[in-house]
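Numbering of ligands and ligand atoms starts at 1, following listing order.
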Amino acid sequence: KEAETQQKLANVVILATGGTIAGAGASAANSATYQAAKLGVDKLIAGVPELADLANVRGEQVMQIASESISNDDLLKLGKRVAELAESKDVDGIVITHGTDTLEETAYFLNLVEKTDKPIVVVGSMRPGTAMSADGMLNLYNAVAVASDKQSRGKGVLVTMNDEIQSGRDVSKSVNIKTEAFKSAWGPMGMVVEGKSYWFRLPAKRHTVNSEFDIKQISSLPQVDIAYGYGNVTDTAYKALAQNGAKALIHAGTGNGSVSSRVVPALQELRKNGVQIIRSSHVNQGGFVLRNAEQPDDKNDWVVAHDLNPQKARILAMVAMTRTQDSKELQRIFWEY
Ligand SMILES: NC(=O)CC[C@H](N)C(=O)O
């Protein structure tokens with residue numbers, strides 16, 4: 001009988017990378033002061049025995065770090081492992097446990113480069129497992145539920161936090177400390193409650209199986225950096241980043257991705273020297289940058305990131321520039337993904 005149930009259940013692999021979901025604090029009152037990336041994946045799985053009701057679960061420790069320290073090489077390593085597992089007949093879904101600080105970047109990266117319709121769910125927590133009202137257990141349970149559900153196929157890389165199913169493209173960490181940290185300007189795709197998913201929306205942008213990018217063809221990512229717009233800004237950071245080898249600069253602009261008159265000449269000059277200039281907005285949720293609004297992008301040969309926040313724009317620029325150095329192609333890609 002037990003063998004029969006196991007056969008019916010989906011096979012889900014949990015790839016652990018660290019973060020608060022694997023964190024530990026000194027006391028139960030430490031919800032914000034703790035060390036991230038302490039517990040191994042076997043402990044995470046053992047901490048939620050109910051996972052066995054949802055799927056045949058096994059774990060792999062891909063790395064053990066706080067997500068602010070994830071490098072491009074780490075992204076490639078994780079992406080390649082996900083692709084290998086997705087190709088395996090014995091794997092129906094993949095869950096990635098991750099620190100929340102750059103979770104939105106990893107989720108978007110995988111959404112662009114994984115050529116599979118199998119569910120890939122990225123999950124983290126805001127409180128370590130040692131804290132009162134820790135959220136990691138339920139978030140992980142929800143992630144495995146979504147990853148084992150056939151309905152989750154073909155919807156792009158997903159994120160399950162705070163009972164919501166979010167698109168890995170759209171979602172962003174918008175609040176820290178609190179458990180309702182992950183939000184999307186376009187709203188969640190669904191809810192996951194008591195191990196069952198309820199869907200309401202589908203992503204409109206190209207992803208996974210419909211993407212022109214493939215992790216198997218990517219062996220390195222170009223250097224793309226971000227510089228912040230604010231009152232009294234100078235062009236020092238932009239120039240320094242370019243001098244240090246950036247192939248593209250994401251302008252984390254004020255408002256509509258506007259650029260200070262003190263910075264414009266440097267960006268025009270850098271573009272003439274081959275650096276791609278990509279205008280995004282650092283407004284919290286709902287940035288929306290249009291071509292030739294605020295700045296003459298056609299004349300300057302700049303690109304706009306549209307609704308992508310600066311850190312997501314960096315991910316797309318890196319992936320796109322593994323294929324093209326043409327600014328018009330880059331702009332097409334920014335509209336489509
Ligand atoms: N809530 C978290 O996961 C934050 C912990 C850590 N800074 C990380 O991103 O890994």
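- For the residue pair Asp135 and Thr179, no side-chain donor N or O sits within less than 3.5 Å of a side-chain acceptor on the partner.
- When the shell of 6.0 Å around NZ of Lys115 is examined, it contains more than 12 heavy atoms from other residues, nucleotides or ligands.
- If you number the atoms of ligand 1 from 1 as listed, the ones under 4.0 Å from a heavy atom of Glu68 come out as 6 (C), 7 (N), 8 (C), 9 (O), 10 (O).
- Looking at atom 4 (C) of ligand 1, its nearest protein heavy atom turns out to be Thr20 OG1, 3.1 Å.
- Between Ile278 and Phe334, the closest side-chain pair of non-hydrogen atoms falls below 4.5 Å.
- Residue Ser125 touches ligand 1 through its backbone alone, judged by heavy-atom distances below 4.0 Å.
- Heavy-atom proximity to Asp101, at under 4.0 Å, picks out these atoms of ligand 1: 4 (C), 6 (C), 7 (N), 9 (O).
- Of the candidates Asn292, Leu267, Leu249, Leu267 is the only one forming a side chain to side chain contact (heavy atoms under 4.5 Å, CB included) with Trp302.
- For ligand 1 and Gly19, the ligand atoms under 4.0 Å from any heavy atom of the residue are 10 (O).
- Counting only N and O atoms by type, the side chains of Gln268 and Asn300 include a donor and acceptor under 3.5 Å apart.
- What sits closest to atom 10 (O) of ligand 1 on the protein, heavy atoms only, is Ser67 N, 2.7 Å.
- Here the heavy atom of the protein found nearest to atom 1 (N) of ligand 1 is Thr100 OG1, 2.7 Å.
- Between Met189 and Phe200, the closest side-chain pair of non-hydrogen atoms is not below 4.5 Å.
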